[in-house]
2 protein chains.
Amino acid sequence: MTGLPSDNHLPDNQVAAARARLAACFDVWSAGDFDLSLCPVRGVLDHLGDKWTTLIVIVLALRPHRFSEIRRAIPDISKRMLTQTLRDLERDGLIARRVFPTKPPSVEYSLTALGQSLLEPLTALVTWAEASRPAIEAARTAFETAEAAVP
Amino acid sequence: MTGLPSDNHLPDNQVAAARARLAACFDVWSAGDFDLSLCPVRGVLDHLGDKWTTLIVIVLALRPHRFSEIRRAIPDISKRMLTQTLRDLERDGLIARRVFPTKPPSVEYSLTALGQSLLEPLTALVTWAEASRPAIEAARTAFETAEAAVP
DNA sequence: AGACCTGGTCTATATATGAGACCTTGAGAG
DNA sequence: CTCTCAAGGTCTCATATATAGACCAGGTCT
């Protein structure tokens with residue numbers, strides 16, 4: 001059984017290490033009756049997939065922003081989603097909310113230390129996404145061509 | 001204006017580097033009329049937030065799996081979502097689908113080289129999530145306590 | 001007074017997900 | 001020969017969640 005696709009590419013040390021790490025995590029997660037809500041990644045990655053979360057974290061990584069500044073930085077986010085996403089991030093301790101008693105009151109959002117610690121793995125993912133975009137787009141084109149050929 | 005929360009924690013070199021990198025990305029993305037669909041990260045991270053995608057990638061990172069093997073590994077996924085998520089991943093070139101002409105036919109899914117290259121940043125994120133879980137849970141508890149105090 | 005900022009909420013719809021019936025092909029039970 | 005089952009799906013319908021868009025409260029400015 002040497003024909004497995006995964007054998008076609010010798011995984012380098014980092015891939016092997018990643019695999020081992022993920023295997024360990026998976027063992028732990030699936031041990032306890034497999035309650036997926038216990039999976040620590042899910043509780044966090046769910047938010048990262050929330051369409052705006054990543055973008056807001058990136059914006060706040062540049063510098064602290066006020067509510068309306070974020071809206072200007074991300075024009076097509078609705079107020080509702082901005083409020084909700086900020087609330088979620090604040091709830092998780094990733095961002096801090098400071099109210100200034102001006103008239104009208106202004107509110108400044110900024111990354112906490114915990115939020116800043118997310119920048120490293122997030123940047124790794126962003127870098128990967130950028131580097132992989134050509135390959136992914138090529139794969140999509142190929143996939144659509146193939147599926148159009150089999151009507 | 002030294003009271004910004006972000007000044008409270010001196011970002012180490014890696015955080016600063018991450019910030020600079022994200023700033024560069026953001027500049028590029030927001031340059032072109034801010035069509036978010038152009039943002040390369042979105043097209044990829046959307047999928048990673050898809051609730052099952054990450055888990056399936058992790059399962060396939062361990063070794064190639066057949067359709068039903070994945071179902072057994074992730075008991076509470078429905079066939080519908082498994083099919084759809086696998087299709088999306090295949091479409092993006094992250095996994096390969098191989099049909100064996102047995103009776104009944106069996107189908108094996110495995111990570112491609114591109115999919116394996118995702119393991120590194122994904123593991124970084126998983127590691128971060130595990131390390132940060134206590135802090136996040138503490139923040140959630142504190143947040144709920146605070147909001148319960150202001151009815 | 002009337003237009004217009006701030007941050008934020010309420011309602012209505014789009015999208016994602018879940019539950020489960022159905023399909024095709026062949027093997028084995030009766 | 002018919003019945004049932006299994007793999008690997010697809011299809012339809014119901015619901016859960018995500019998102020958009022109108023609206024609100026209070027203040028400032030003209």
Side-chain angles (χ1 to χ4, degrees), chain A residues 34-37 39 42-56 59-60 64-91 95-110 143 146-147 150-151, chain B residues 34-37 39 42-43 45-56 59-60 64-91 95-110 143 147 150-151:
Chain A
F34 212 85
D35 184 356
L36 279 182
S37 61
C39 168
R42 293 295 302 282
V44 177
L45 292 197
D46 269 7
H47 284 316
L48 289 188
D50 263 358
K51 182 173 186 182
W52 301 112
T53 303
T54 306
L55 217 42
I56 290 177
V59 167
L60 292 183
H65 278 68
R66 290 177 51 187
F67 187 87
S68 301
E69 284 181 311
I70 304 177
R71 288 194 71 197
R72 280 188 287 273
I74 309 174
D76 51 354
I77 190 174
S78 66
K79 273 192 286 194
R80 188 181 190 307
M81 285 321 296
L82 180 53
T83 301
Q84 182 177 307
T85 308
L86 288 171
R87 226 13 74 89
D88 287 343
L89 286 169
E90 186 195 359
R91 182 185 143 92
I95 66 175
R97 179 176 184 272
R98 276 194 25 185
V99 182
F100 293 90
T102 57
K103 303 286 184 168
S106 57
V107 180
E108 186 193 75
Y109 296 91
S110 56
F143 189 84
E147 100 182 329
V150 187
Chain B
F34 211 83
D35 183 357
L36 279 183
S37 60
C39 169
R42 292 296 300 282
L45 292 197
D46 268 8
H47 285 314
L48 289 189
D50 264 357
K51 182 172 188 184
W52 300 114
T53 304
T54 306
L55 216 41
I56 290 177
V59 167
L60 292 183
H65 279 67
R66 290 176 51 184
F67 186 87
S68 300
E69 284 182 311
I70 304 176
R71 287 193 72 195
R72 283 187 285 272
I74 310 173
D76 52 352
I77 190 173
S78 63
K79 270 196 287 194
R80 188 189 188 296
M81 286 321 294
L82 181 52
T83 301
Q84 183 176 306
T85 309
L86 287 170
R87 231 10 77 88
D88 286 344
L89 286 169
E90 186 195 357
R91 182 185 143 92
I95 67 176
R97 180 177 183 272
R98 275 193 27 183
V99 182
F100 293 91
T102 58
K103 304 289 185 170
S106 56
V107 180
E108 186 193 75
Y109 294 91
S110 56
F143 189 84
E147 98 183 330
V150 186

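Per chain, numbering begins at 1; letters A, B, ... match sequence-line order. The shown structure was predicted, so the numbers you read here are calculated from the model rather than taken from an experiment. These numbers come from the heavy atoms of this one structure, side chains and all, not from hydrogens, waters or symmetry mates.
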Nucleotide [N], atom [atom2] - distance to [atom1] of [X] in whole Å:
| X | N | atom1 | atom2 | answer |
| --- | --- | --- | --- | --- |
| A:I77 | D:dT19 | CD1 | P | 9 Å |
| A:D76 | D:dA18 | CG | P | 18 Å |
| B:L82 | C:dG20 | CG | P | 17 Å |
| A:R71 | C:dC5 | CZ | C1' | 12 Å |
| A:M81 | C:dA12 | CE | C1' | 15 Å |
| A:D50 | C:dA14 | CG | P | 20 Å |
| A:W52 | D:dT17 | CH2 | C1' | 16 Å |

Considering residues at least two apart in sequence or located in another chain, which fulfil the side chain to side chain donor-acceptor pair (under 3.5 Å) criterion with [X]?
| X | result |
| --- | --- |
| B:Q84 | B:R80 |
| B:R71 | none |
| A:D88 | none |

Please identify each residue that fulfils side chain to side chain contact (heavy atoms under 4.5 Å, CB included) with B:V107, with sequence neighbours left out.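 B:V107 satisfies side chain to side chain contact (heavy atoms under 4.5 Å, CB included) with B:R97, B:V99, B:Y109 once adjacent residues are dropped.
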
Residues which pass side chain to side chain contact (heavy atoms under 4.5 Å, CB included) with B:S106, listed by chain and number, not counting sequence neighbours: B:R66, B:F100, B:T102

What one-letter contact string describes nucleotides 4-11 of chain D from 5' to 3', where B marks a base within less than 4.0 Å of any protein heavy atom, S marks contact via sugar-phosphate atoms alone, and - marks no contact? ---SSBBB

What's the shortest heavy-atom distance between A:E69 and A:P64, and which atoms?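 Scanning both residues completely, I find the closest heavy atoms to be OE1-O, 4.2 Å.
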
